[in-house]
Student: 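Supplied in structure tokens, the structure appears directly below.
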Amino acid sequence: MSLRIYNTLTRQKEPFVPVESGKVKMYTCGPTVYKPAHIGHMVGPVIFDTVRRYLEYLGYEVIWVLNITDVDDKLIARAREENTTVRELAERHTLDYLECLRALQVQGIRFMPRATEHIPDMIRIIEGLIARGHAYVADGDVYFDVTSDPDYGKLCHRDPEQMAAGARIEVSEKKRHPGDFALWKSAKPGEPSWESPWGLGRPGWHIECSAMSMRYLGETLDIHGGGLDLQFPHHENELAQSECFTGKPFVRYWMHNGLLKFGQTKMAGSLGNVVNVHDLLQRYPGETLRFFLLSTHYRSPIEFSEERLEALHKSLGAFYRFFERYQRITGKSFYDVSAPTRYQELALVNGSFAKEIQQLRQRFLQEMDDDFNTQGAIGVLFGLLTALNRFADEHHLEDAAHREAAPLARFEQAVVVLRELTQILGLFLSPLAVSVSARDRLVSDLVQILLDVRNECRKQKQFALADMIRSRLTELGIVVEDRPGGTTWRWQQ
RNA sequence: GGCCCCUUAGCCAAGCGGCCUAAGGCAGCGGUUUGCAAAACCGCCAUUCCCGGGUUCGAAUCCCGGAGGGGCCUCCA
């Protein structure tokens, strides 16, 4: 196996080799916490969480840093509107963000630094940049001098001179070159501010990522991730100031995820076409949302639509039904199946079934190796599901009286592979939250009574009556299923 | 104006020069199973990859041109 990652810097897939063998330093840009998280904010976290899971599966130790921007123009404006402090506003939305991450099974973020907690680090870098002639002070502001960096523009293929021709860059009297960007902004009255060698002020946007990545991960990162919209100017600027400061390569692999679209255009707070994660979680399990975000290659744009979510939610049902089947067969919960979390050679009992499972696993890993092709991997998962169901059918595994021990053992081994692979994608980690309120319990008791009556009818060949009970239940969204081992029911998806 | 990217069946979506007479899912249609269903399983569902040229023994995949769509150049995941 050999992992290849598409690197924005070189625009091609490259074999993945971290700086330090066995260790991966990964930094991703988190949100500016001035509004509740929308579904577009979840794309990066879900993808990089999956990247992290796969890297760990391959045996790496992954140190993942995701920052929180808790001071900027939007936060200041918003806090004023809501008549609260920047700090309170940021805190509230950080909590919201974290809740959403949890719902989508995004785990393993080692450090989550906040910009306001790293002002001294930023000041140190700015001072260094001034000393090295890459930045200049202008009336309490400090700007990065893009003309001082011959490499400036290498990430996005931009030439400062050409950009100067573009009329959309903010014109400022203080800047020497239109492409120069603020490292430090002098404070206006009433704004949050910090002491600095250039007077009271606050940091520019890009400097925080340079400072925090350096603080937690050192001068060279293995992976730097973020949305495509951050490529320019944010990452370009981050790259320039970091390399000018350290004189070392800043990032080995730049990864950019595609943007979430709403209709034809991207979903963005500034466009007002956002769908909050919180609202969405009222209607769909976090698992469905995660599955949705993994159902397209991470570099492609993905269009949000309820129809799509609905279709995916349905397709996920095949897995849940299988887990129930597994439970019927073995008496055990799929969620308790333990599988290797690290790659190792698979030793299955010989036979065509074992061989098929082996091949499917191989294909899954190949898809993941190919720049994290999650959609390709999901396709394989469906194939695995079919193989498992077919095997259970052929060997009558649900019929306890007639099944044999050997096939059952082979089946269980294969289920371990399903567990191994699905956990790499962060799927099916825990049972879907089911309400266990007293009312729900009453519903299930009542349904059970009706099913008992219906089965009595069936015994007496009163099929019309039996069918009536079933169809009336179906109308209520309760699906009745007769099986060799007895009758079961579930909620229609 | 500059810099990127996308276009595959009714819909979503893999594919990265030969295993493609193109994965997988949703929808649809047959069949096995079932008292009838549901579920599961089996099978069908793009001779074709936006259009036109070219390179190559060979292209959905590479190059050129055209049409349509998107992102960035201002805050944005």
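Remember, predicted model here, so these are calculated numbers, not experimental data. Any value given below was found using the heavy atoms of this structure, including those in side chains, with hydrogens, waters and symmetry copies removed. Chain letters run A, B, ... following the sequence lines, proteins first and then strands; every chain starts at 1.
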Student: Scan residues 262-273 of chain A against RNA chain B and write down, sorted by residue number, each residue with any heavy atom closer than 4.0 Å; if none is found, say none.
Tutor: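 Residues of residues 262-273 of chain A under 4.0 Å from RNA chain B: Gln264(A), Thr265(A), Lys266(A), Met267(A), Ala268(A), Ser270(A).
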Student: Will you find, in the side chains of Tyr54(A) and Asp369(A), an N or O donor that is under 3.5 Å from an N or O acceptor?
Tutor: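 Judged by distance alone, the side chains do pair up.
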Student: Partner of rG68(B) by Watson-Crick or G-U wobble geometry, both contacts under 3.5 Å, or none?
Tutor: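 When the pairing criteria are applied, rC6(B) turns out to be the nucleotide that pairs with rG68(B).
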Student: Using whole Å, what does the distance between atom C1' of nucleotide rA77(B) and atom NE2 of His38(A) come to?
Tutor: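 Nearest whole value for this atom pair: 7 Å.
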Student: Give the nucleotide from the list rA39(B), rC3(B), rA13(B) with an atom nearest to the side chain of Arg158(A).
Tutor: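 My answer, after comparing the listed nucleotides, is rC3(B).
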Student: Any pair with a residue in residues 263-273 of chain A that passes salt bridge (charged side-chain N to carboxylate O under 4.0 Å, His left out), sequence neighbours left out, goes on the list, sorted by first then second residue, please.
Tutor: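 Matches after skipping sequence neighbours: Asp229(A)-Lys266(A).
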Student: Any side-chain N or O of Arg321(A) less than 4.0 Å from the OP1 or OP2 oxygen of rA40(B)?
Tutor: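 Yes.
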Student: Taking only N and O in the side chain of Arg325(A), is any of them less than 4.0 Å away from OP1 or OP2 of rA39(B)?
Tutor: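 So the side chain of Arg325(A) is outside the cut-off, no N or O lying under 4.0 Å from OP1 or OP2 of rA39(B).
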Student: Choosing from rC72(B), rA77(B), rG35(B), which nucleotide comes nearest the side chain of Arg458(A)?
Tutor: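 From the listed options, rG35(B) comes nearest.
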Student: For Thr474(A) and rA38(B), is the shortest distance between a side-chain N/O and OP1 or OP2 below 4.0 Å?
Tutor: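 Result: no.
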Student: Does anything in residues 40-49 of chain A come within less than 4.0 Å of RNA chain B? Heavy atoms only, and list the residues if so.
Tutor: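 Here the set is Gly40(A), His41(A), Val43(A).
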Student: Name all pairs fulfilling the ring-ring contact (aromatic ring centres under 6.0 Å, His included) condition that reach into residues 470-493 of chain A, sequence neighbours left out, sorted by first residue then second.
Tutor: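 Sorted pair list: Trp489(A)-Trp491(A).
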Student: Determine which nucleotide pairs with rG58(B), using a 3.5 Å limit on both distances of a Watson-Crick or G-U wobble pair.
Tutor: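 Looking at the geometry, rG58(B) pairs with no nucleotide.
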Student: For every nucleotide of nucleotides 22-32 of chain B, 5' to 3': is a protein heavy atom under 4.0 Å from its base (B), only from its sugar-phosphate (S), or from neither (-)?
Tutor: -BBSSS-----
Student: Measure from CG on Leu294(A) to P on rA14(B) and round the result to the nearest Å.
Tutor: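 Answer to the nearest Å: 12 Å.
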Student: Among rA14(B), rA38(B), rA77(B), find the nucleotide with the atom closest to the side chain of Thr296(A).
Tutor: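 Output: rA14(B).
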Student: Between Asn389(A) and rC41(B), is there a contact of a side-chain N or O with OP1 or OP2 at under 4.0 Å?
Tutor: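 Yes, because at least one side-chain N or O of Asn389(A) sits under 4.0 Å from OP1 or OP2 of rC41(B).
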Student: Using purine N1 to pyrimidine N3 plus N6-O4 or O6-N4 for Watson-Crick, or N1-O2 and O6-N3 for G-U wobble, each under 3.5 Å, what pairs with rA40(B)?
Tutor: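 Pairing partner: rU32(B).
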Student: Paired with rG17(B) by Watson-Crick or G-U wobble geometry, both distances under 3.5 Å: which nucleotide is it?
Tutor: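 Paired with no nucleotide.
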Student: Find the distance Gln460(A):CD to rC36(B):P and express it as a whole number of Å.
Tutor: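 Atom-to-atom, Gln460(A) to rC36(B), this comes out as 20 Å.
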Student: So, for Tyr216(A) and Pro113(A), which heavy atoms are closest and what is the spacing to 0.1 Å?
Tutor: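 For Tyr216(A) and Pro113(A), the tightest heavy-atom pair comes out as CE1-CB, 3.5 Å.
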Student: Between Leu66(A), Val251(A), Asn67(A), which is the residue that forms a side chain to side chain contact (heavy atoms under 4.5 Å, CB included) with Tyr27(A)?
Tutor: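 Of all the options given, the one that passes is Asn67(A).
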Student: Side chains of Glu14(A) and Tyr6(A) only: does a donor on one sit below 3.5 Å from an acceptor on the other?
Tutor: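 Glu14(A) vs Tyr6(A): no donor-acceptor pair found between side chains.
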Student: Counting side-chain heavy atoms from C-beta on, which of rA77(B), rG35(B), rC16(B) comes nearest to Phe463(A)?
Tutor: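 Ranking rA77(B), rG35(B), rC16(B) by closest atom to the Phe463(A) side chain puts rG35(B) first.
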Student: Which of these nucleotides, rC73(B), rG35(B), rG70(B), is closest to any side-chain atom of Phe232(A)?
Tutor: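 Closest nucleotide among those given: rC73(B).
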Student: Of the listed nucleotides (rA39(B), rA77(B), rC4(B)), which one gets closest to any side-chain atom of Arg490(A)?
Tutor: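 Between rA39(B), rA77(B), rC4(B), the one nearest the side chain of Arg490(A) would be rA39(B).
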Student: Looking at Gln12(A), I'd like to know if its CD atom is crowded, meaning that more than 12 non-hydrogen atoms belonging to other residues, nucleotides or ligands lie closer than 6.0 Å.
Tutor: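 Yes, enclosed.
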Student: Could you pull out every donor-acceptor pair under 3.5 Å between side chains of residues 374-392 of chain A and any protein atom, sequence neighbours left out?
Tutor:
{"unit_1": "Thr374(A)", "atom_1": "OG1", "unit_2": "Leu294(A)", "atom_2": "O", "d": "2.7"}
{"unit_1": "Thr386(A)", "atom_1": "OG1", "unit_2": "Phe382(A)", "atom_2": "O", "d": "3.1"}
{"unit_1": "Asn389(A)", "atom_1": "OD1", "unit_2": "Arg325(A)", "atom_2": "NH1", "d": "2.7"}

Student: May I have the distance from Arg299(A) (atom CZ) to rA14(B) (atom P), rounded to whole angstrom?
Tutor: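 Rounding to the nearest Å, CZ of Arg299(A) and P of rA14(B) are 11 Å apart.
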Student: Could you check how far CD of Gln366(A) sits from C1' of rG15(B), rounded to whole Å?
Tutor: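 After rounding, the reported distance stands at 14 Å.
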Student: Between Ser300(A) and Arg328(A), name the one whose nearest nucleotide on RNA chain B is closer to the 5' end.
Tutor: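 The residue closer to the strand's 5' end, by nearest nucleotide, is Ser300(A).
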Student: So which nucleotide from rG70(B), rA13(B), rC72(B) ends up closest to the side chain of Asp229(A)?
Tutor: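 Of all the options, the side chain of Asp229(A) is nearest to rC72(B).
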